[in-house]
Amino acid sequence: MNSSYLDYNATAPLRPEARAALLAALEAPANPSSVHRFGRNARGIADIARGQVADLVQAEARRVVFTSGGTEANNLALRLAMEGAAGVKSLVVSGIEHDSVLRPARHSGLPVYEVAAGPDGVVSVAALEATLRTAQVAHPGPALLALMLANNETGAIQPVADAARLAHAHRSLLLCDAVQAAGKIPVDLSQLDADFLTLSAHKLGGPTGVGALITRDDWTPAPLLRGGGQEKGMRAGTENLGGIAAFGAAAAAARSGLEEMSAVASLRDRLQAGLLAASPDAPVYGTGPRLPNTLCIGMPGVPAETQVMALDLAGVAVSAGSACSSGKVTPSHVLTAMGLPERAAREAIRFSLGWASTEEDVARAIDAWTRLWQRKRK
Ligand code: PLP
């Protein structure tokens with residue numbers, strides 16, 4: 001059966017440039033710490049990739065710390081903010097952050113203040129400011145604010161530059177998870193002015209298991225893993241050179257592909273129009289500024305899992321916003337943080353497109369959704 005992969009926000013297909021870089025980097029023994037020619041060659045490969053990743057977000061190459069992915073990068077940023085010279089006293093996090101920010105925050109031992117999003121999926125700077133003030137009255141000293149650049153479920157783009165200004169005006173720091181935004185919209189670290197920015201290769205056409213933390217300033221290392229002094233003491237362990245090389249190549253390809261994102265946006269808009277033509281009552285979530293590739297939509301009265309399975313049977317791969325763990329399906333924390341009732345949150349699914357999506361994918365998705373809706377309506 002022909003199939004359509006519309007789950008790029010979960011993981012994007014590997015770009016050909018990334019595959020080629022991965023295979024090339026694995027050709028020879030490659031430990032960048034070795035002094036001999038093989039080691040020097042490996043170091044050169046890592047340096048090129050560091051530059052490519054930095055270029056994607058307009059940062060300096062020396063600020064890039066390679067990690068095992070977005071999850072580790074977010075955990076490392078929290079740790080630097082808590083253990084470094086800043087010594088933050090509280091954490092102010094948006095309620096729509098990824099679990100790799102929310103969970104380490106809740107386990108940090110510091111007071112955590114969560115800020116809800118509006119019904120459009122956007123966190124307001126006024127709400128962040130009010131919460132930051134409350135946090136600093138109760139726990140005097142710097143805080144760490146965490147606000148992602150774009151949400152993984154709704155695609156809603158957040159006012160990160162304003163949040164960074166707010167954080168700095170209150171002698172605090174800002175962590176920006178740019179995992180979903182990078183490669184889909186232009187990202188400029190100097191303009192965002194975030195203290196920490198995190199990335200993940202597999203969301204932009206690189207392999208899983210590699211990501212990066214990019215810092216605005218120099219930080220005393222507070223590594224999650226101790227061992228060798230790799231990555232300037234920030235992240236011990238022999239570098240995942242193949243992954244790093246592929247991340248660099250994917251970042252370069254994603255950067256040159258940014259212009260093509262308007263074509264992806266047209267496909268997404270056509271998809272949205274097609275679904276709404278079939279079921280005009282279907283609610284669309286994330287109606288403010290949104291990533292060009294993402295559509296979060298609910299089918300009234302039909303649980304998300306049913307939709308995902310029916311679409312899968314029709315050859316269309318999408319995700320449910322709700323997470324299933326230990327047999328218990330919980331509604332998406334992102335949608336509930338936007339004030340959605342639990343039932344509506346349980347009925348939302350996410351379509352996410354990308355560099356290889358086609359008209360045919362969109363047509364197949366509209367057809368599968370329409371047939372499911374007609375069946376359910378009966
Ligand atoms: N942050 C966001 C917004 C994400 O969507 C994800 C992955 O789903 C992550 C962080 C974690 O990245 P990784 O899968 O590389 O650990």
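Computed from a predicted model, the values in this text were never measured in an experiment. Numbering of ligands and ligand atoms starts at 1, following listing order.
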In ligand 1, the atoms that come under 4.0 Å of a heavy atom of His202 are 13 (P), 14 (O), 15 (O)
- Message: Tell me whether Arg216 is salt-bridged to Asp193, with the criterion being a basic N under 4.0 Å from an acidic carboxylate O.
- Response: yes
Under a plain distance cut-off of 3.5 Å, with no hydrogens placed, do Gln180 and Ser352 share a side-chain donor-acceptor pair? no
Atom 4 (C) of ligand 1 has as its nearest protein heavy atom His98 CD2, 3.4 Å
Cut-off 3.5 Å, side chains only: do Asp217 and Thr215 have a donor facing an acceptor?
no
Checking heavy atoms under 4.0 Å, the part of Thr71 that sits near ligand 1 is both
Closest to atom 5 (O) of ligand 1 among protein heavy atoms sits Gln180 NE2, 2.8 Å
With salt bridge (Lys or Arg N to Asp or Glu O under 4.0 Å) as the test, would you mind laying out the steps for Asp367 and Arg364 before giving the verdict?
CA-CA 5 Å; Asp367 181 56; Arg364 185 174 289 120; over 6 Å; no
Note: ligand 1 atoms sitting under 4.0 Å from heavy atoms of Ser100 are 10 (C)
Atom 13 (P) of ligand 1 sits nearest the protein heavy atom Gly70 N, 3.5 Å
Yes or no: does Lys203 have any heavy atom under 4.0 Å from an atom of ligand 1? yes
Met148 heavy atoms within 4.0 Å reach ligand 1 at atoms 3 (C)
For Ala344, the side-chain contact (heavy atoms from CB on, under 4.5 Å) test, sequence neighbours excluded, returns Tyr285, Leu340, Pro341
In ligand 1, the atoms that come under 4.0 Å of a heavy atom of Gly69 are 15 (O)
Mind telling me whether Tyr8 and Tyr5 have parallel, tilted or perpendicular rings, with 30° and 60° as the class edges? tilted
Would you call Gly211 a ligand 1 contact, heavy-atom distance under 4.0 Å? no
Under 4.0 Å from one or more heavy atoms of Asn152, ligand 1 contributes atoms 3 (C), 5 (O)
Taken in chain and number order and not counting sequence neighbours, the residues that satisfy side-chain contact (heavy atoms from CB on, under 4.5 Å) with His139 are Lys89, Ser90, Pro111, Tyr113
for atom 1 (N) of ligand 1, nearest protein heavy atom and its distance come out as Asp177 OD2, 2.6 Å
Would you kindly say whether Asn9 and Ser319 are connected by a side-chain donor-acceptor distance under 3.5 Å?
-> no
